[in-house]
Amino acid sequence: MSHPVRRPLAVLAAAVFLILLGLGRPASAHGFTSTVYVHVTDGDHDRLRTELKLEYDLLVVSAADTGHDDPLFRTGTEAFDAGDADAQGAALNAHHATAVDYVTRRFTVTAGDEACRPAPAGGFRMGREEGVPYALLTLDWTCAGGGDSHVTVDHEIRSGLFPDSEEYVKGTKTIATYDVGGRTGSAALDAAHPSFSLGQSWTERFWEFFRLGAEHLLTGIDHILFLLALIAGSRRPREIVLAATSFTLAHSVTFLLAALGLVDVPGSVVEPVIALSIAVVAGWHLWRIRQRGVHVTDLPVVPDGGHFALDRAGWTRLGVVFCFGLVHGLGFAGALGIDAAWSWTLLWSLLVFNVGIEAVQLAIIAVVFPLLLLLRRRSRRAGLWATGTISAGVAAMGLIWFVQRTFGL
């Protein structure tokens, strides 16, 4: 193999190796994390009201550990294992002070430079989000100044709930919506961006969701591997463009359907299918390599260039990608747990989240696919070795994840 070929091949192999090396993380790109939901409204007597939804079992463990309240852990865990919503609410309310103290130490509201004082409006109530129990807590905040301070003062909402340092989950997100003093909007908070202002501009609000979408794809290694499998199996720019477009259209459909509450598929089904999709798309290219060898990249001859100049295998692959894209859309939606109270403002924020995903997807294609084309043009065997290596590694990881997610290993 010539020197000009060895260099880009070594770069590509090193990149794939580093990606696969990072797969020692948990098998689910969407597991081991949590989403907190907050809705902020005008309260009575010039107060601010926040309605929080927190994952029940995580709240029990975190509050009991922080507050050294072993009885809360025992009764709360027993109620969770029994799946008894009434018992779950009773466990939290029996240890109301411990649970509320945990929340209010990590979730705060300030007006100007002054901290607002929280007061629970009733006890804990139970609900469900993404198929798991969530505890609902309403807090009324009294801020200095009185009068119409909730309209004239710029409030800041800050969330540090369920931080990585507790070591129970990683990458907790807080999805906030608000309707205060005639101002409405939404925000996405995480450890790197823990607060937002009710007076934020629409550009600031949308940038938060764009960033969140981009970060989700970058940290969602299973979606990246699916994209690498698409790139490896594409023979020319037209095919990867069509495959990426098909994937984008499909996951956008289910993403928005989930946002509208019209589709609700549990993560226990979505996650294994996502893993299987990775293995199938990567395995497809390996199967074609076995059938056609170095001729796997030969282009089809289609009269007059009709039907996008795709052969039967190309159209079949496009259909498979679209179907799996529908499932990946549910995975993207699950990243935000889109069961929150609906609003058009939130819809636009979610669309920007999707744009952030697409931006990273296009960037990966723009970097990896030209390198593969260069290898193929310099040496068919070098290109075959590179795409085969990528596909084999991706297929193996997809199968491992499928087994892990299916059987809960």
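Just so it is clear, the model here is predicted, and its values are computed rather than measured.
- Each of Ile365, Ile390, Val367 was scored for a side-chain contact (heavy atoms from CB on, under 4.5 Å) with Ile231, with one residue passing: Ile365.
- Every residue two or more places apart in sequence or in another chain was checked for a salt bridge (Lys or Arg N to Asp or Glu O under 4.0 Å) with Arg74, and none qualifies.
- A salt bridge links Arg49 and Asp140; the closest N-O separation between the charged side-chain nitrogens and carboxylate oxygens is under 4.0 Å.
- Applying the side chain to side chain donor-acceptor pair (under 3.5 Å) test to Ser197 and every residue at least two apart in sequence or in another chain returns Asp154.
- Considering OG1 of Thr389 and CG of Leu384, their distance stands at 9.0 Å, rounded to 0.5 Å.
- Judged as a side chain to side chain donor-acceptor pair (under 3.5 Å), and not counting sequence neighbours, the contacts of Arg105 are Asp101.
- The OG atom of Ser195 lies 9.5 Å from the CD1 atom of Ile157; values are rounded to the nearest 0.5 Å.
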Which atom pairs, donor and acceptor, lie under 3.5 Å between side-chain atoms of residues 57-64 and protein residues at least two apart or in another chain?
| unit_1 | atom_1 | unit_2 | atom_2 | d |
| --- | --- | --- | --- | --- |
| Ser62 | OG | Leu58 | O | 3.0 |
| Ser62 | OG | Glu166 | OE1 | 2.9 |

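- Judged by distance alone, with hydrogens and angles left aside, the side-chain atoms of Ser246 form no donor-acceptor pair with the main-chain N or O of Leu242 at under 3.5 Å.
- Here salt bridge (Lys or Arg N to Asp or Glu O under 4.0 Å) pairs that include residues 187-197, with residues two or more places apart or in two chains, are Asp190-Arg211.
- The ring pair (Phe, Tyr, Trp, His ring centres under 6.0 Å) pairs that include a residue from residues 224-251 are Phe226-Phe247, Phe226-His328, Phe247-His251, Phe247-His328, His251-Phe332, where partners are two or more places apart or lie in different chains.
- Note on residues 79-95: pairs passing side chain to side chain donor-acceptor pair (under 3.5 Å), not counting sequence neighbours, are Asp69-His95.
- Here Leu371 contributes atom CG and Arg376 contributes atom CZ; the two are 10.5 Å apart, rounded to the nearest 0.5 Å.
- In this structure, Arg405 forms a cation-pi arrangement with Trp401, its terminal cationic atom sitting closer than 6.0 Å to the ring centre and no more than 45° off the ring axis.
- Going from atom CZ of Arg380 over to atom CZ of Arg377 covers 12.5 Å, rounded to the nearest 0.5 Å.
- Checked by atom type, the side-chain pair Thr387/His285 shows a donor-acceptor distance below 3.5 Å.
- One finds the OG1 atom of Thr108 at 6.5 Å from the CZ atom of Arg158 (value rounded to the nearest 0.5 Å).
- For the atom pair CG of Leu92 and OG1 of Thr98, the computed distance is 10.0 Å after rounding to the nearest 0.5 Å.
- A heavy-atom distance below 4.5 Å is not found between the side chains of Thr174 and Thr35.
- Counting all heavy atoms, side chain and backbone alike, His96 lies closest to Gly123 at NE2-CA, 4.0 Å.
- Ile278 is not listed as a side-chain neighbour of Leu399, based on a closest heavy-atom distance of 4.5 Å or more.
- For the side chain to side chain donor-acceptor pair (under 3.5 Å) test, no residue two or more places apart in sequence or in another chain qualifies with Ser391.
- For the disulfide bond (SG atoms under 2.5 Å apart) condition, the pairs that include at least one residue of residues 61-123, sequence neighbours left out, are Cys116-Cys143.
- Residue pairs that meet the salt bridge (Lys or Arg N to Asp or Glu O under 4.0 Å) test with at least one member in residues 355-371, sequence neighbours left out, do not exist here.
- Residues Ser34 and Glu55 bring a donor and an acceptor atom of their side chains to less than 3.5 Å of each other.
- Within the structure, the ring pair (Phe, Tyr, Trp, His ring centres under 6.0 Å) test picks out the following pairs touching residues 174-194 (sequence neighbours left out): Tyr178-Phe196.
- Proximity of Asp70 to Leu72: side-chain heavy atoms (C-beta onward) are nowhere separated by under 4.5 Å.
- For Phe210, the ring pair (Phe, Tyr, Trp, His ring centres under 6.0 Å) test picks out Trp207, with sequence neighbours left out.
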